[in-house]
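Owing to the predicted nature of the structure, the values given are computational and were not obtained by experimental measurement. Note that these values count all heavy atoms, side chains included, but never hydrogens, waters or copies made by symmetry.
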Amino acid sequence: MESTDVAVFENQHLSADPLPFARSYQLEALEIALKQNTIVYLETGSGKTLIAIMLLRSYASLLRKPSPYIAVFLVPTVVLVTQQGDALMLHTDLKVGKYWGEKGVDYWNAATWQQLVDDHEVLVMTPAILHAALRHSFLQMGMIKVIIFDECHNARGKHPYASIMMEFYHRQLTRENAQLPRIFGMTASPIKSKGSSTADSYWQKIRDLENLMHSKVYTCSSESVLADYIPFSNPKLKIYEHVDIPSKLFQTLVHDLERLKEKHECLISQSNLSFMRDGSARRRLSKLHSNFLFCLSEMGAWLAFKSCEENDFLSSDDACVRDFCLGASTIFSAHLPSGPHWSIGKDIQANVDAGYLSSKVNCLLESLLEYRDRKDLRCIIFVERIITAIVLRSLLNELFLERSGWRTEVTTGRITTFKQNKIVEEFRKGLVNIIVATSILEEGLDVRSCNLVIRFDPSTTVCSFIQSRGRARMQNSDFILMVRKGDDATLTRMQNYKASVEIMRQESLRHASIPCSTLHDELYDECYKVESTGAVVTLSSSVSLLDFYCSRLPSDGYFKPDPTYVINEETETCTLQLPKSSPLQGIISVQGKRKILKQLACLEACKQLHRVGALTDNLVPDIVEEETINKELECKIKIVEQSLYYPSEFVSHCGNESEAVYYCYLVELPHDSYNDSQLHGIILAVRTKLKFDDEILAFDLDVDRRGRLKVQLNYRKVVIFTSEEIRRCQRFQVSVFRILRDPDLSKLQEVLAAVQSPIGSAVSDYLLLPSVGTPPEINWQYVNSLLFPSQVLGDKHMDWCSTQGRRCSVNTISEVVCSCMLENSLVCTPHNGRIYCINGFLENLDCNSLMGVRSEESITYREHYRKRYGINICSEEVPLLRGKHISKEAKDSSVALPPELCSLIMSPLFISTLNTYSYVPSIMHRIESLIMASNLKKMHLDHCTQNVVIPTAKILEAMTTKNCLEKFHLESLETLGDSFLKYAASIKLFKTYENDHQGLLTVKRKQIISNATLCRLGCARKMPGFIRNKPFVLKAWIIPGDNSQVHNFDEELLTSSVKMYSRGKQKIKSKIMADVVEALIGAYLSSGGEVAALSFMKWLGVDINFVDAPTSRHLPVNAEKLVNVRYLESLLHYKFNDPSLLVEALSHGSCMLPDIPRCYKRLEFLGDAVLDYVVTTHLYFKYPGLTPGLITDLRSASVNNECYALSAVKAGLHDHILYDLQVLQRHISSTVEDFKKLNLVSTFGWEAETTYPKVLADVIESLAGAIFVDSGFNQDTTFLCIRPLLEPLITPQTLKVHPARELRELCHQKGYIKQKNVVFRENGIVYVTVEVEANGVIHKDSNSGRNQKMAEKVASKYLLKSLKEYPYNP
C-alpha cells in the first residue's frame, strides 16, 4: 500500500488545514488520512464528518478552480446529501454541488457533467450516480482527488460503494503511475453483519472491508478517549413475555382474510387486465394480506385494524386493492368493541388479554410510561417494518397526545426528503417528542437532542445495533432493548453486539500495520471498453445495461420489450435474442462457465449494440442521448425578447433640406355611402417607394363593428414638397389624428409645438393628406385649414362665400367671422371642453327656441346655458349651428350650438373628411403589416435560388396570431405547415437512419420539429420582430409627424437588402414563435407547393431534400407463408413490389417468429406522418374558404387513433395482424363486438364510447408507411390506397365538435359554471365525473374508459345531451 500511495501522490505536498475546535483524535485521524487511505471507525456523534471536512480543506489548493480536479463526497441516502453538503458549505469555502436521482441525472450527457466539474470543487451525491458516471466515462478516477465514503460499512456485495472500488479503483491499482484518488471512509462499525463469535472472525470481516476500500482502519485506543467529548447511553434490557392472541379470534380473522383475498383474486382474473397489470395487482394484494396477518400476530387485532386504515393502498387508484383494504377493515372492526365508552387506552391489560394489543406492544407502552415525568422527552423507536412504524404512530398519538402532550411522527424510506427533514427539525425543537423509525434514522442523520432510544425490533446486525444506540446523544440518555422472554438467541446476539465494539477496536489496532491486499473478481476481469471515451461495461454491469437499453425500446400496454435467454447448462451455452425493434436481429450465442453465462451473453450483446451505434461511445442507449438534447433545448427558451420592427419605408432621418421628394399613393375608399357617411380618398406620401406583389394593393378591412371596408392602394406620382409645405401637412395630420384620439386642446397645443423634429433623428415620416378632384390631387385647402391655436381671421372667406346673403358676420367666442367659415368646420366649446364638427346652420332654430329635452319642463337654449353654465347669450336671432360631437362615447352626437360659444379650430373641414380619417390608422396599420410581411418574404427570396412566388397576404396571415382579433390568423396555415414539417422530417429520418427504432426516430424528429427548435431557428432569422401578437389599439399607433412622444427607432440591417427599424422590445412565448414558423411553412406550401416550402425550410435551417434515392431493403421473407398477400393487396388496391413490407406492417412486437425481421413500429412512424399530411392537405385545398380553426377541427376528427382503429376493424384488418398475446386477442375481439353494435356509417368523429387497442390504429399507419416506401415515397399513391379504408371522409357539414370542447364553449357562451373534473382509477380503468351548474341546476355525468380522454369525452357527451334537453335551454 505504501508504494501505491507514493505512485499516486508523489507530487502532492499537502499540509493539514485543521479547524480550531477540532479534538485531539480528529487531528490524529486527519494526519493519517493525509498520508494514506483511511477508514475512520468512531462512535456515532464523535465528529467523523468534521475530519472529512478538514481533509477536504487540506486538499483545497488542488481543487480550486480553474483546477480540472474535484473531490466527491458519497452518502448512502438522499437525506444525507443535503445534511453533509450543508456542513461542507458551513466549514469550507469550496464550491459544493449536491445531487441525487430526482435531479434528472439519468439524462445528463458528457457536456453536462463537464459543466458540473467546471463549476464545482466538491460533488456530494449518492453512490449510484458516481458509479454510473464512471461506467459511462462522464467522470474518470484520474480527475477525482478525494473520495469520501460516508457509512462505508455498506461497501459489500453489489452495493455501489463496492462496485466503484472493484470496477474503477482496484482495476487501476496495478497500473504504473495510476492517478487514483485518496480514499476516506467513515463508519461507526466496520462490520455490517450479525457479528462473529471469535476475535479472528471479526478481524477477517474488518480485513475484507480494508481490502475492498484499500484503506486502513483508524480508531481510538479506547472508549475513554471519546468519553471526554461525547456522552454514551445507558443500555437497558426489557424482557417481555409473549402472550398469544386468543385462538378463536385469531383463527376467525385469518379465515375471513383468506376468503377476502380469494374473492379479490377472482375479481382480478375477471377484469381482463394485461399480463403486467394482472401480476402487479396480485402482488399488491398478497403484500397487503401478509401485512395484515403480521400486524395481527405481532401487535394485536386493534393495530391490524389500524393497518387497514393507515395503509397507502386505501387511497390507491386501483379499486380492487382499495376495496380489499376496506373489506379487511370491516372484518377487523366487526371483532373490536365500539361505542363512546370504549377506547384502546382505557384498560390496556384487558385489551392485551382480549387480543386487541400484543404483550410486545404493552411492553413498549410500559417502557414509555417510565419516562412520563421527564421533561423534553425525545425518543426514537426503531422498528423493522414500515407498517409497524405507521400503526404504532396511531396508537401512541391516541394514548399520549392528550394525556402527556407527546406528539409522535413516523420516518421511513417512503417519506419524501422534505417531509423527513421537517420531522427531524421539529424533533430537535421539541414539537415532536417521539419518532417511530425504520433503519433510515440509523445512518448519519444528526439528531443530537435524542435522550431515549427503544429497539422495538432487535437489531439485525452489529452496525445497526451500534448506530441505533448512538442516536441517543444527550447526557444520561437510555438505550432500551426489547427482547422476548425465552428468546436466548436474540439475547445472546445483543450481548455479542455490545461486546463487539471493543473487539473491533482492538482488532483494528492490533492489525494496523498489515498492508491491504489487491482484489480482483472475474466479473470485473472481462469487460468491453470504448477507447475513445474510456466508458466500460463489465460482466457485472452488462445485464443491467442491456435491460436499460431494452426498456427504452418501443412498447405498448400489452408488450414489454425484454431480451429472451435460453441457457443450456449441459453444453454451457447461452443464446440471447433481442426484441424486434432492436437493430440486432441475429441470435447471440456464447459459451462459458455456467454461473456467468447470462452475463457473458449480455456483454456480447452490449459490444454489438455499441458497434452498430445503438449504444453511444459513453455506453448509454442512443435514445437517452437524444432525449438529453431535447431536454436541454426545451429548458433554454420559454420567452423570447427581441426587437419589435417598424418598416424602414416609413422612417427617415430629419434634415434641414429646403425640399424633399415624396412618392404618392392614393388610398381609395368606397365612393358610395359607408356607415352613413361619405368617404373620400387619402394621399399617402412616402420618401421610399413601396414594393408590393402587384401594382394595386387591395385588401378588406374589418373596422370595429362598422362592417368591412374595401381598400385599394395605387401608385400615382412623385411630388416635391418644400419644407414649409411638409410642416403644414404634418401639422394638419397631427391635429386631425390627435383630436380623433384625444379631444384635449391643451395637449394638442403642446403636440403642435413639437412637430419640428431634431435634425438627424430617426422619426416616423410619411404624410396622409386629403384628396380632391379627378384625377385626385392634394386638397391644400383642407391642409391649410388649421386655425388653432391662434390665427386672426379678419375678413377671410371661403371660395364659395357670397356676401349677398342676409347672414354674413357671426360672433364666435373670440371674434366676428363670416358665416361661411363656420359652415363646414371643426370647433370647440370651452364651456364644456368638447369638440364638434359643424356642417351648416339650423335656419329654424335660434337661442329663443325651445330645447328638445326629455322632461316636462320647457326651456329655451338661452335659459339652458344661463342656468347650467352661467352664460348670457347676446346674439339672440342668429341661427344655431348644426354640430356633431366627435367623441364615440357620446350618447347623442348631434347637437345645436350657439355660434358665440364656439371657437374655430379648422376650417374648412367637412364631416366626411373627419370620418375618412377615423379609418386611416387601421388602414395604415394593415399597410405597415403588409410591408413588414413583404420584407420578411424578401429576406428568404434573397437567399433563394428558385423562383418562388408567395402572396404577401399569405405571409401576413402566417405572422398574425389569434390574439390580434382579426378575421384571419395563422391557425389554418400552422396546421398545414405542422403536418408538412412532420412529414418531411419523418421521410428524412426514415431514409437516413435505417436501423433506428421508432422511439429513437420520434426523439430525433422532435429535435427537428419541436417548439424549442423552431423557436431557436425563428429567432436566428429575426422573426419575432415581425410577429403581430396584439390587437390594433389606436392609442398605440404612431402618428406620423407627432414628435411630442419619444419613439426610438434603431436601424437594423437584417440582410444586405432588407433594413428594418426597431422601436423597442417585444416579448413572445416560444410556442407562438414556433407556431409562426409552422404557419410560414404552411404559407409557402399552400401557394408555392412542396418545393417552395422546402426552400423556406432550408433558409430557416431545416435542410431536407426529397430527391434522395429510396432506401434499399435486404430482408428475405416468405411473405405468403405469414400473411394473405393476395387478399390484402386486393383490399388495398395495391400490388407490392416488396411483400416483406406487408409482413412488417402487420407484425406486432410480441411476435418473435424468426422469419419476421422487424415489427411494424418504424413503418407506423412513417405512415403516421404521411397520413397526417395527405389528409390535412386534402381538407385544406378541398375547402379553401374555411375559417381559421375549422381545418384543425376537421383534421382532429379524422386523423386520430379512434378513427383509424374503427377503420381497421371495418376493413377486417384485425384478422391479419401477427401477435402473440392472449390479452390483446381478448381486447381486439371485444372491440370487434363493440363495432358491430355501433352500426356506424362513418369512422370519423367522436361517436365511439370505448378505447380501442392502439395496435388497430397502428396497422392503418404502418400499412400507409409500407405502401409509401414500396411506391417510391409516392404520397398520392398512398392516399389513393388508404383513402377507401377511411371513407367516407369528413366534410365541414358532417363535422361534430369534440364533446369536451363543445361543453366548454357552451358554458362560456351561456355563463354556466363548470366544475373541475373529478378523476379516479380502478383496475386500469379511469373514471371521470363532469359537473356543470346551469341556472342554479346541477348537471353531472360519470363515465369510464381505459384512458382519461375517453372517459371525459363520453361523460361530456351525455352531459351536453342533458343540458340541451332541459326545459330552460332552447
Side-chain angles (χ1 to χ4, degrees), residues 946 976-998 1000-1002 1004-1009 1081-1082 1084-1086 1088-1098 1102-1115 1117 1119 1125 1128-1129 1132-1147 1157-1181 1199 1204 1258-1286:
Q946 299 161 333
L976 185 64
D978 169 68
S979 67
F980 180 73
L981 180 61
K982 177 181 173 183
Y983 165 78
S986 300
I987 293 175
K988 176 181 179 179
L989 293 169
F990 187 87
K991 289 181 177 181
T992 306
Y993 303 101
E994 296 183 24
N995 292 323
D996 284 3
H997 56 77
Q998 176 223 24
L1000 186 55
L1001 292 173
T1002 302
K1004 286 181 177 178
R1005 182 172 66 191
K1006 189 176 180 182
Q1007 291 173 16
I1008 299 174
I1009 71 174
I1081 294 171
Y1084 278 85
L1085 179 69
S1086 65
E1090 292 182 357
V1091 172
L1094 290 171
S1095 170
F1096 175 76
M1097 287 163 57
K1098 183 176 181 180
V1102 182
D1103 191 2
I1104 296 174
N1105 188 354
F1106 284 175
V1107 181
D1108 294 340
T1111 54
S1112 58
R1113 288 167 56 90
H1114 305 286
L1115 303 174
V1117 175
V1125 176
L1128 291 166
E1129 287 181 337
L1132 298 169
H1133 304 288
Y1134 181 79
K1135 175 75 173 173
F1136 277 90
N1137 299 304
D1138 182 1
S1140 71
L1141 281 163
L1142 191 56
V1143 176
E1144 184 178 334
L1146 293 167
S1147 298
R1158 282 177 177 169
C1159 68
Y1160 63 61
K1161 285 293 185 179
R1162 271 179 57 87
L1163 291 175
E1164 177 208 338
F1165 164 83
L1166 182 62
D1168 164 52
V1170 173
L1171 282 182
D1172 188 8
Y1173 174 58
V1174 296
V1175 172
T1176 302
T1177 51
H1178 164 77
L1179 294 170
Y1180 184 88
F1181 291 109
V1199 181
Y1204 289 166
D1258 290 347
V1259 295
I1260 292 287
E1261 294 172 334
S1262 60
L1263 284 170
I1267 295 169
F1268 188 62
V1269 173
D1270 194 73
S1271 63
F1273 298 89
N1274 189 312
Q1275 59 181 265
D1276 295 330
T1277 300
T1278 304
F1279 190 42
L1280 193 65
C1281 296
I1282 297 296
R1283 179 172 178 168
L1285 303 182
L1286 307 178

* To do: Indicate the atoms forming the closest heavy-atom contact of L1094 with A984, along with that distance.
  => CD2-CB, 4.5 Å
* **T1176 to D1172 - nearest heavy-atom pair and separation** => OG1-O, 2.6 Å
* Asked: Do the side chain of K988 and the main chain of D1103 share a donor and acceptor less than 3.5 angstrom apart?
  -> yes
* Would a 4.5 Å heavy-atom cut-off, applied to side chains only, mark Y1204 and L1286 as touching? -> yes
* Asked: Using the ring of each side chain (for Trp, its six-membered ring), is Y1084 parallel, tilted or perpendicular to F1096, with breaks at 30° and 60°?
  -> parallel
* No-hydrogen, no-angle side-chain donor-acceptor test under 3.5 Å, S1147 and R1158 -> no
* Return yes if some donor-acceptor pair links the side-chain N/O of R1162 with the main-chain N/O of F990 below 3.5 Å, else return no. => yes
* Asked: Is a side-chain donor or acceptor of S1095 paired with a backbone partner of V1091 at a separation under 3.5 angstrom?
  -> no
* Asked: When you look at NZ of K1006, are more than 12 heavy atoms from neighbouring residues, nucleotides or ligands closer to it than 6.0 Å?
  -> no
* **Main-chain N/O of E1261 paired to D1168 side chain as donor or acceptor, under 3.5 Å** => no
* Asked: For the residue pair I1260 and I1282, what are the closest heavy atoms and their distance?
  -> O-CD1, 4.3 Å
* Residue pairs passing the salt bridge (Lys or Arg N to Asp or Glu O under 4.0 Å) test where at least one lies in residues 1132-1144, sequence neighbours excluded -> R1113-D1138, R1113-E1144, E1129-K1135
* I would like to know whether V1102 and I1008 meet side-chain contact (heavy atoms from CB on, under 4.5 Å); could you show each step before the answer? => CA-CA 7 Å; V1102 182; I1008 299 174; 3.8 Å; yes
* Main-chain N/O of L989 paired with T992 side-chain donor or acceptor, under 3.5 Å -> no
* Non-hydrogen atoms of A1145 and S1262 that approach each other most closely -> O-OG, 2.6 Å
* **Whether F1279 and H1178 hold their rings parallel, tilted or perpendicular, with breakpoints at 30° and 60°** => tilted
* Structure fact -> Closest non-hydrogen atoms of L976 and G1082, given as atom of the first, atom of the second and distance, are CD2-O, 3.6 Å
* Straight-line distance of T1002 OG1 to H997 NE2, nearest 0.5 Å -> 9.0 Å
* So which heavy atom on L1285 is nearest to which on C1281, and how close? -> CG-O, 4.5 Å
* Asked: Taking the six-membered ring for Trp, are F1136 and Y1134 parallel (under 30°), tilted (30 to 60°) or perpendicular (over 60°)?
  -> perpendicular
